[in-house]
Trainee: 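Before I ask anything, let me first share the structure, which is written out below as structure tokens.
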There are 2 protein chains.
Amino acid sequence: MTDTSQVNEVSPAGRRGREARRRDRAAPVASFPTLVRRIPVYDILPQEAIELIHDESCRILEEVGIDFRDDEAAAMWQAAGADVDGYRVRIGRAQLMELVGRIPAQYTMHARNPSRTVTVGGDNAIFVPMYGAPYVRDLDNVRRYGTLADLNNLHKLAYMAPALHSTSSIICEPMDVAVPHRHLHIIHSALKHSDKPFMGIVTARERAEDTMHMAGLAFGHDFVRDNTVLTAVVNCNSPLVWDATMLDALKVYAAHNQPCLLSPFALCGASTPASTVGSIAQVNAEALAGLAFTQLVRPGSPQVYGQFMVTIDMKTGAPMGGAPEAAHMTLVMGALARKYKLPFRTSGFHVGSKLNDAQAGYEANLLMHAAILSGANYIWHVAGWLEAGLVCGYSKFVTDAEQLEGWYKYAQGVSLDDLRDAMAAVREVGPGGHYLGTAHTLEHFETAFFMPKVMDFNSFEQWSAEGAKDHDTRGREKAMAMLGAYEEPVLDAGVAEALRDFIARRERELPAGVS
Amino acid sequence: MTDTSQVNEVSPAGRRGREARRRDRAAPVASFPTLVRRIPVYDILPQEAIELIHDESCRILEEVGIDFRDDEAAAMWQAAGADVDGYRVRIGRAQLMELVGRIPAQYTMHARNPSRTVTVGGDNAIFVPMYGAPYVRDLDNVRRYGTLADLNNLHKLAYMAPALHSTSSIICEPMDVAVPHRHLHIIHSALKHSDKPFMGIVTARERAEDTMHMAGLAFGHDFVRDNTVLTAVVNCNSPLVWDATMLDALKVYAAHNQPCLLSPFALCGASTPASTVGSIAQVNAEALAGLAFTQLVRPGSPQVYGQFMVTIDMKTGAPMGGAPEAAHMTLVMGALARKYKLPFRTSGFHVGSKLNDAQAGYEANLLMHAAILSGANYIWHVAGWLEAGLVCGYSKFVTDAEQLEGWYKYAQGVSLDDLRDAMAAVREVGPGGHYLGTAHTLEHFETAFFMPKVMDFNSFEQWSAEGAKDHDTRGREKAMAMLGAYEEPVLDAGVAEALRDFIARRERELPAGVS
């Protein structure tokens, strides 16, 4: 399925010069297939501990219960036989596990370019850029509100980054577009600037319906009634509340067989107890309850179990990235996902840093390593994230995107195929020799070791001669070069027109002044 | 043994202001005990693969052999019954394993302050700062040659950093001291500015002997004949050469029961094949041969198995950090160490970056995560390392030192002790509540989550008001504050005088003009 050789391909815009750009335009954009993991997961806790946490989560749902603050949802739970008191729903573990057990272990997410279709679940993983930033840190390193032009740019970068499997959708908020119209332009940008899978809008039932209609224009309305073409996120209001807005969006998507990530966004210590395992047990209860509800809407619909848990600085309440406890939580939640045989979503390169600086790097790779070892399938927020998600940075985006090529290779594991040939090279070179000119080296030097390009490994003298640029500066330059080399993927003219017409109609129907 | 609560202590100089500094001076410097791992190791390959690599390493030593380019060493191998042809030594696997099997699985390294004594091996791990940089990136962010004043400063920082278990020794080269006298001042600085364990000098037999003499002045000459007070590094010249300088130093230290790290420094692709497993098999052979030799010098002497393997950019030959293959190598070498029941040395925060910037952070935590999961016992180069080891950065040093506090906590694992109490808090708070004011939170907020201080998680507005500093700037400020708060640990006046007298005598004996 996967092909290691792709990982060391130079991404098109990494090259410089007019001739190189001309070649780039002619070349199709490289894209890695679904990452098929060939490394074991890392079980940080023994199975007894996982069972103990599961038991506590079940007890919460049985004894405390969880709020579904939506009349329709509460009625659906009542009809299904749960113990319902107003919005408070108490769910027995037998029913909970029966409902969760209906969710398939993996699903296929179709892209409008079939070669970019991916699989989520089991050993299959995808990388998805960040979502939801009101601000960008732009190509001049200025922090300002995001615009539709920024979103277009970020979709272009996501399209061009070979290790990104999706364009997400709201990478940044297009703050220059009226709120009632924003979802239309977000989905349009994702469909127009990329042919990779994307994410649905969840801020209102009607916006979810519009999303499905636009997906139907691109894929065919019949097709998107049963076939997955997007994934959406539905957050729990921790502790233990599912609200009507989220549930409305969930109902729309589940009815169309489009999965949601049911992954509570927990500020651990504020919306969960100040305890790693306590936070996990609560978030697990929240996720399981939400997942069970999806199966009342459409039994057998694909869904994704997961988490987004950040610890907070307990003195200021500020969310932190790069905390060892966040890595622990990721690993333990992964083990729970395996117990439930569910696709698992976690986050990767999310950080608290304001800048694409050392803090960002330390935070990012601490968390990504945990995400990879946790067996995660939908690895989200892996490009652009700064400042606890308030900001999408262009430089951070391309930095992350390149790092993903390395993580892709990491997750493909250690191959022993080459051992005998390499040993022949050792015999040939012998004590005191060197390998640079050997036939084995010449055959393997392109692919043996990952060689990132935004990172700099030149001599100090050469690096100085090239301007002594820090990584952040090189990242912005790479983003500019990529955008300069961008070519839009083909979109059927009829589809393009239908999308434009739909947007125009909905803009007339939806007054811009109402949020 | 270990105490999680220590991890969240504010390191003394992290505070600001005169009054805070006065308090700091009165307080003893915090120091974490040996890290006792409570997390499982990560086996990235199945045991059959480890055995296959072992077999290939043995075949190299049996069929190709390895050079011990030292008459005395070659004669010792011949006397031991190996197949010796000039300097080429071929060692059968039975003899190899018999010799390696004499090495203890762990050892105690005494500090001159007994409360800083550590254990290396088994589940016990220590963090040791970098070694050998000719350059520093200083408190003004200028890259220049290191001086003895810099080395003093870096020993002070190592002493004050609670998660650093050693001062290393040559953190930077004191380039302003004549080469023949340099080793004397390096060891003197380590003994004077810190009471933690340190590392021996290996650049000549006489310098190793001087190191042991100075250690004897501090610990008692009888004591250091049998008790370990330092660890030294002895590098193989890959491929497959142990040279006379390294072997001479090794003989001095092994004779005194002082361990060496036998960990080839491999530029993978240049001094090993362009293959992850091929590089591992060769380096393993080199390490095993060196370790076996130590047991000809002193059977039962403690020694450390290990590796320092960096991949190179195969187009320029430049060493890289943060490569996925380097992480793979660390994990596989850790599995080999467990097979041989040997203490395992690897490296942590080593990077190729010129600056303490995003590149440095991404590289550093990719590698450290692998080091922690590999089960490493002697985790070296974990403070200061920049530019493939050419540079020690003050800002990088304190950045790394703080990160180690988080990694210390990570390696202590996920405790379930608090699960029931945390669940009681969930019951108390209930759906829609919050945790900040609960008794459980108030009891646990100081220790629940790691809160780094050089990292910044304030609001954008507050961060801007404080000067919008990047991480590198904050790191330099922290280093300055720490040095301002430094107080020298007590050293017996007689010992101090004896050290000074010895240095004066050796300086007279050793002409400064000869290197």
Trainee: Tell me, do A/Trp463 and B/Leu355 make a side-chain contact under 4.5 Å, heavy atoms counted?
Mentor: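 A side-chain contact under 4.5 Å exists here.
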
Trainee: If you look at every heavy atom in B/Ala358 and A/His471, which pair is closest and at what distance?
Mentor: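 Of all heavy-atom pairs spanning B/Ala358 and A/His471, the closest is CB-CD2, 3.8 Å.
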
Trainee: Given that the side chain runs from C-beta out, which part of A/Met329 has a heavy atom under 4.5 Å from chain B: side chain, backbone, both or neither?
Mentor: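 When you check distances to chain B, only side chain atoms of A/Met329 fall under 4.5 Å.
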
Trainee: Identify which of A/Pro324, A/Gly317, A/Ala422 forms the greatest number of heavy-atom pairs closer than 4.5 Å to chain B.
Mentor: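 Looking at each of A/Pro324, A/Gly317, A/Ala422 in turn, A/Pro324 comes out on top.
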
Trainee: Need one label for A/Asn237: side chain, backbone, both or neither, based on atoms under 4.5 Å from any heavy atom in chain B.
Mentor: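 Interface part for A/Asn237: neither.
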
Trainee: With only heavy atoms counted, which part of A/Val429 is less than 4.5 Å from chain B, the side chain, the backbone, both or neither?
Mentor: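 Side chain only.
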
Trainee: Considering only heavy atoms, which portion of B/Ala326 lies under 4.5 Å from any heavy atom of chain A: side chain, backbone, both, or neither?
Mentor: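 The answer is neither part of B/Ala326.
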
Trainee: State, with a plain yes or no, whether a side-chain heavy atom of A/Leu45 is found less than 4.5 Å away from one of B/Leu416.
Mentor: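 A side-chain contact exists here, since the closest heavy-atom pair is under 4.5 Å.
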
Trainee: Select one option (side chain, backbone, both, neither) describing which atoms of A/Pro46 are under 4.5 Å from chain B's heavy atoms.
Mentor: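 A/Pro46 has no heavy atom closer than 4.5 Å to chain B.
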
Trainee: Give the minimum heavy-atom separation between B/Ser275 and A/Ala448, together with the two atoms involved.
Mentor: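 So the two residues come closest at N-CB, 4.5 Å.
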
Trainee: Could you look at A/Ala370 and say if it's the side chain, the backbone, both or neither that has a heavy atom under 4.5 Å from chain B?
Mentor: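 Both parts, backbone and side chain.
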
Trainee: At a 4.5 Å cut-off on heavy atoms, which part of A/Ile44 comes close to chain B: side chain, backbone, both, or neither?
Mentor: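 Contact with chain B: backbone and side chain both.
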
Trainee: Name the region of A/Leu331, side chain, backbone, both or neither, that has any atom closer than 4.5 Å to a heavy atom of chain B.
Mentor: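 For A/Leu331, side-chain heavy atoms alone lie under 4.5 Å from chain B.
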
Trainee: When rounded to the nearest 0.5 angstrom, what is the spacing between CD in B/Gln412 and NE2 in A/His328?
Mentor: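 Rounded to the nearest 0.5 Å, the CD-NE2 separation comes to 9.0 Å.
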
Trainee: Between atom SG of B/Cys268 and atom OH of A/Tyr435, what is the distance when rounded to the nearest 0.5 Å?
Mentor: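 Atom-to-atom, B/Cys268:SG and A/Tyr435:OH are 10.5 Å apart.
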
Trainee: Does any backbone or side-chain atom of B/Glu363 lie under 4.5 Å from a heavy atom of chain A? Answer side chain, backbone, both or neither.
Mentor: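 Both parts, backbone and side chain.
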
Trainee: Tell me, for A/Asp43 versus chain B, whether the close heavy atoms (under 4.5 Å) come from the side chain, the backbone, both or neither.
Mentor: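 Contact with chain B: backbone only.
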
Trainee: Under 4.5 Å heavy-atom distance to chain B, tell me which part of A/Ile312 shows up: side chain, backbone, both or neither.
Mentor: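 Both the backbone and the side chain of A/Ile312 come within 4.5 Å of chain B.
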
Trainee: Does any non-hydrogen side-chain atom of B/Gln359 lie less than 4.5 Å from one of A/Arg474?
Mentor: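 Sidechains of B/Gln359 and A/Arg474: in contact.
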
Trainee: What are the two closest heavy atoms between B/Leu419 and A/Glu56, and how far apart are they?
Mentor: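 Distance-wise, the nearest heavy atoms are CD2-CG, 3.7 Å.
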
Trainee: If you compare all heavy atoms of B/His440 against all heavy atoms of A/Ala274, which two are closest, and at what distance to 0.1 Å?
Mentor: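 In this case the closest contact between B/His440 and A/Ala274 is CE1-O, 3.8 Å.
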
Trainee: With a 4.5 angstrom heavy-atom cut-off, could you sort out which part of A/Ile39 is near chain B: side chain, backbone, both or neither?
Mentor: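 Both parts, backbone and side chain.
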
Trainee: For chain B, which of A/Ser353, A/Gly322, A/Gly321, A/Ala360 has the most heavy-atom pairs under 4.5 Å?
Mentor: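 Counting heavy-atom pairs under 4.5 Å, the top option is A/Gly321.
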
Trainee: Tell me every residue that passes side chain to side chain donor-acceptor pair (under 3.5 Å) with A/Thr276, counting only those two or more places apart in sequence or in another chain.
Mentor: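 Residues passing side chain to side chain donor-acceptor pair (under 3.5 Å) with A/Thr276: none at all.
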
Trainee: Using a cut-off of under 4.5 Å on heavy-atom pairs, state which of A/Val64, A/Thr311, A/Val241, A/Leu267 scores highest against chain B.
Mentor: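 Result: the option with the highest number of such pairs is A/Thr311.
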
Trainee: Taking side chain as everything from C-beta outward and backbone as N, CA, C, O, which of these in A/Met423 sits under 4.5 Å from a heavy atom of chain B? Side chain, backbone, both or neither.
Mentor: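 When you check distances to chain B, only side chain atoms of A/Met423 fall under 4.5 Å.
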
Trainee: Among A/His434, A/His444, A/His369, A/Glu443, single out the residue with the greatest number of heavy-atom pairs under 4.5 Å to chain B.
Mentor: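 Between A/His434, A/His444, A/His369, A/Glu443, the count favours A/His369.
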
Trainee: Could you tell me which portion of B/Ser415 (side chain, backbone, both or neither) has an atom closer than 4.5 angstrom to a non-hydrogen atom of chain A?
Mentor: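 The answer is the backbone of B/Ser415.
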
Trainee: From B/Met320 CE over to A/Asp456 CG, what is the distance, rounded to the nearest 0.5 angstrom?
Mentor: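 The CG atom of A/Asp456 is 12.0 Å from CE of B/Met320, to the nearest 0.5 Å.
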
Trainee: Output the distance between atom CG (B/Asp357) and atom CG (A/Asp472), rounded to the nearest 0.5 Å.
Mentor: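 B/Asp357 atom CG to A/Asp472 atom CG measures 8.5 Å (nearest 0.5 Å).
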
Trainee: Is chain A contacted by the side chain of B/Val41, its backbone, both, or neither, given a heavy-atom distance below 4.5 Å?
Mentor: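 Interface part for B/Val41: backbone (N, CA, C, O).
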
Trainee: Do B/Glu63 and A/Arg427 come within less than 4.5 Å of each other through their side chains, counting heavy atoms only?
Mentor: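 Yes. Closest side-chain heavy atoms under 4.5 Å.
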
Trainee: Quick one: of A/Gly65, A/Gly352, A/Ser238, who has the most non-hydrogen atom pairs under 4.5 Å with chain B?
Mentor: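 Top option by heavy-atom pairs under 4.5 Å: A/Gly352.
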
Trainee: So for A/Thr438, is it side chain, backbone, both, or neither that comes closer than 4.5 Å to the heavy atoms of chain B?
Mentor: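 Contact with chain B is absent: no heavy atom of A/Thr438 under 4.5 Å.
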
Trainee: Side chain, backbone, both or neither: which part of B/Phe349 has a heavy atom under 4.5 Å from chain A?
Mentor: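 Looking at B/Phe349, just its side chain touches chain A.
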
